[in-house]
Amino acid sequence: MGQNLALNIAEKGFPISVYNRTTSKVDETVERAKHEGDLPVYGFHDPESFIQSIQKPRVVIMLVKAGPPVDQTIKTLSGYMEKGDCIIDGGNEWYENTERREKEMSGLGLLYLGMGVSGGEEGARNGPSLMPGGSFEAYKYIEDILLKVAAQVPDSGPCVTYIGKGGSGNFVKMVHNGIEYGDMQLIAEAYDVLKSVGKLSNEELHSVFSEWNKGELLSFLIEITADIFGIKDDKADGYLVDKVLDKTGMKGTGKWTVQQAADLSVAAPTIAASLDSRFLSGLKEERVEAAKVFKSGGFGDILTDQVVDKAKLIDDVRQALYSSKICSYAQGMNLIRAKSIEKGWDLKLGELARIWKGGCIIRAIFLDRIKKAYDRNPELANLLVDPEFAKEIIDRQSAWRRVVCLAINSGISTPGMSASLAYFDTYRRERVPANLVQAQRDYFGAHTYERVDMDGSFHTEWFKIAKKLQD
C-alpha cells in the first residue's frame, strides 16, 4: 500500500523519496516507478540519507503496522529531522496514540498528522479517500499534494478534507472500517439467504449482484461481490468462492469501533453483530462438531424445504439489504458525532460522507444522499428520521421483515439484518419495555427510577410490598 501511494504521488508530478528497512522493497519500488512511466521516485537504503534528500520543510509519510512499529519508526526518522518538519502516519492507528505522538513531536518542534487512508492497494495507487487529522499547519504543508492524490469524484471534488484536531482522522477511519464490517456482513447474509433458501447458483448470484450494482445499492462492495461470483477455480472444478474457508480475519478496527460505541453509550448493533459473526466464524472446528450434534437431532443446514418465488425473494433481499445498510451507516455517523462532541472536534458529518463517495471501501452511491441529509439538517439526530431515508425504510420494511422471518424459519442466521431491524423497531417506538428493566434495577439495587407523570427520582421498597401481598 505504501509503494502504491508513493507511485500515485510521483505520478501526480511530485518527486518522492522512499525508504524501507528491507532494501529490496526500496529497489522494487524504484524499478516499478521506471516501468510505470519513469516516475520521479528515488530510493534510499538508510534513514539519514533518506531524510536529507527531502526538500525543507520535510514531510514524511509512514505506512507501517500500528503500535510499537510506528513509535520505532518515528524514533529512527525524527533523529535526522529539524524543527518545522512534519511526520504523517497513514496507518490504521488507535486515535489516542496519534494524540500522544502529536504532543511528543510538538516538544521536538515537529508537526504531526494521523491520516486515515482507505481504498486498499488499488485505491492507494489510483486515488484513495484520505482522512487527515491533527496539526492543521501540517495539513496545509501537504494539502496541494493530497488534493491531487485523492480519488476524484466529478460532482463533489477530491475525496480528502482536513478532518479536525487531535486523533480525529484516525477515529473517523476507524468508524469507516466499522461501517465496512457491517456492510460486508449484510452482503454475506444476503448471499446466504439467496443461496441457501433461494438455491441460486453462482451464475445467478453474479447476475443478481451485477444488476443490483446499477441501482440504489451501487457500491464498491456490491461490485466486487458480483465479480467474486463470476470467478472459476483455477485449481479444481467449480467456482473459487465455494473453496474459500468460511473463517474471517480482522485487524482490530471493527473491535475498536464496538468498544468505542460502548464507551460512548451509542447503540451500534449492526456493527457489533458483524464483529460477533467474525468471532463465530473463527470457531470453525467447533461449528463442524456442533453441526454433527444437531444434525442427529434433525437439524440440517436448512430447516424448511419450502418452495420460494426466486424473483420475489431477490427483490425482497435487495430491499432488506438496503434498509439494513441505512441502519449501519446511521450507527457509524452517530458514533462519530458523539466522539466529536466529547472531544470538541466539531466534525462535519456531511463532509465525511462526501469524502467517502470515492476511493474508499464503503464508497456507495447513497453516500451522496447521506451528505444531502446532513446538508439539510446538520443537527440531524439520526439518518433514520431524515424525511427521504424515513420514506425509503417505510416503503421497504415489509420486504425486510419477510426476509428476516424467512431466514429465522429456515435456520439461517442473519445477525446483521436482524440487528438492524431491531434497531429500527426500537428507535421508532415511543415507549419501550425499559420501564420494567428500571423497575427491576430499583427492586434489587435501589437504583431509583423516574416517572412518566411527575418530576423527580423515586425509590420503592418492592420486596416489602410484594411480601405483604403474599402474606
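Being a predicted model, the structure only gives us computed values, none of them experimental.
- A donor-acceptor distance shorter than 3.5 angstrom exists from the side chain of Arg354 to the backbone of Val160, with no hydrogens or angles considered.
- One distance of note links CD of Gln185 with OG of Ser328; it measures 10.5 Å at 0.5 Å rounding.
- The aromatic rings of Tyr191 and Phe229 are tilted relative to each other, their planes meeting at an angle between 30° and 60°.
- Comment: Asp246 engages Arg287 in a salt bridge, judged by a side-chain N to carboxylate O separation of less than 4.0 angstrom.
- Looking at Ser53, its side chain does come within 3.5 Å of a backbone N or O of Phe50 through a donor-acceptor pair.
- The structure places OG of Ser219 at 6.5 Å from CG of Asp183, a figure rounded to the nearest 0.5 Å.
- Between Arg318 and Asp315 a salt bridge is recorded (basic side-chain N to carboxylate O distance below 4.0 Å).
- Using the six-membered ring where Trp is involved, Tyr162 and Tyr139 have ring planes that are tilted, between 30° and 60° apart.
- Just one of Ile16, Asn126, Val41 meets the side chain to side chain contact (heavy atoms under 4.5 Å, CB included) condition when paired with Leu7; it is Val41.
- No side-chain N or O of Lys25 forms a donor-acceptor pair with one of Gln3 less than 3.5 Å apart.
- Around the NZ atom of Lys343, the shell of radius 6.0 Å holds more than 12 heavy atoms that belong to other residues, nucleotides or ligands.
- Residue Glu203 qualifies as enclosed at atom CD: its count of foreign heavy atoms under 6.0 Å is above 12.
- Distance check, rounded to the nearest 0.5 Å: CH2 of Trp212 to CG of Leu217 gives 7.0 Å.
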(request) Dump the intermediate steps for side-chain hydrogen bond (donor to acceptor under 3.5 Å, both in side chains) on Arg337 and Asn382, then the final yes or no. (result) CA-CA 10 Å; Arg337 181 179 55 206; Asn382 193 305; over 6 Å; no
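- A salt bridge links Glu216 and Arg396; the closest N-O separation between the charged side-chain nitrogens and carboxylate oxygens is under 4.0 Å.
- Taking the six-membered ring for Trp and thresholds of 30 and 60 degrees, Tyr329 and Phe366 have ring planes more than 60 degrees apart, a perpendicular arrangement.
- Looking at Asp85, its side chain does come within 3.5 Å of a backbone N or O of Arg58 through a donor-acceptor pair.
- Between Glu48 and Gln52, the side chains place no donor N or O within less than 3.5 Å of an acceptor N or O (distance only, hydrogens not considered).
- With rounding to the nearest 0.5 angstrom, the CD1 atom of Ile361 is 13.5 Å from the CD1 atom of Ile179.
- Within a 6.0 Å sphere centred on CE of Met184, other residues, nucleotides and ligands contribute 12 heavy atoms or fewer.
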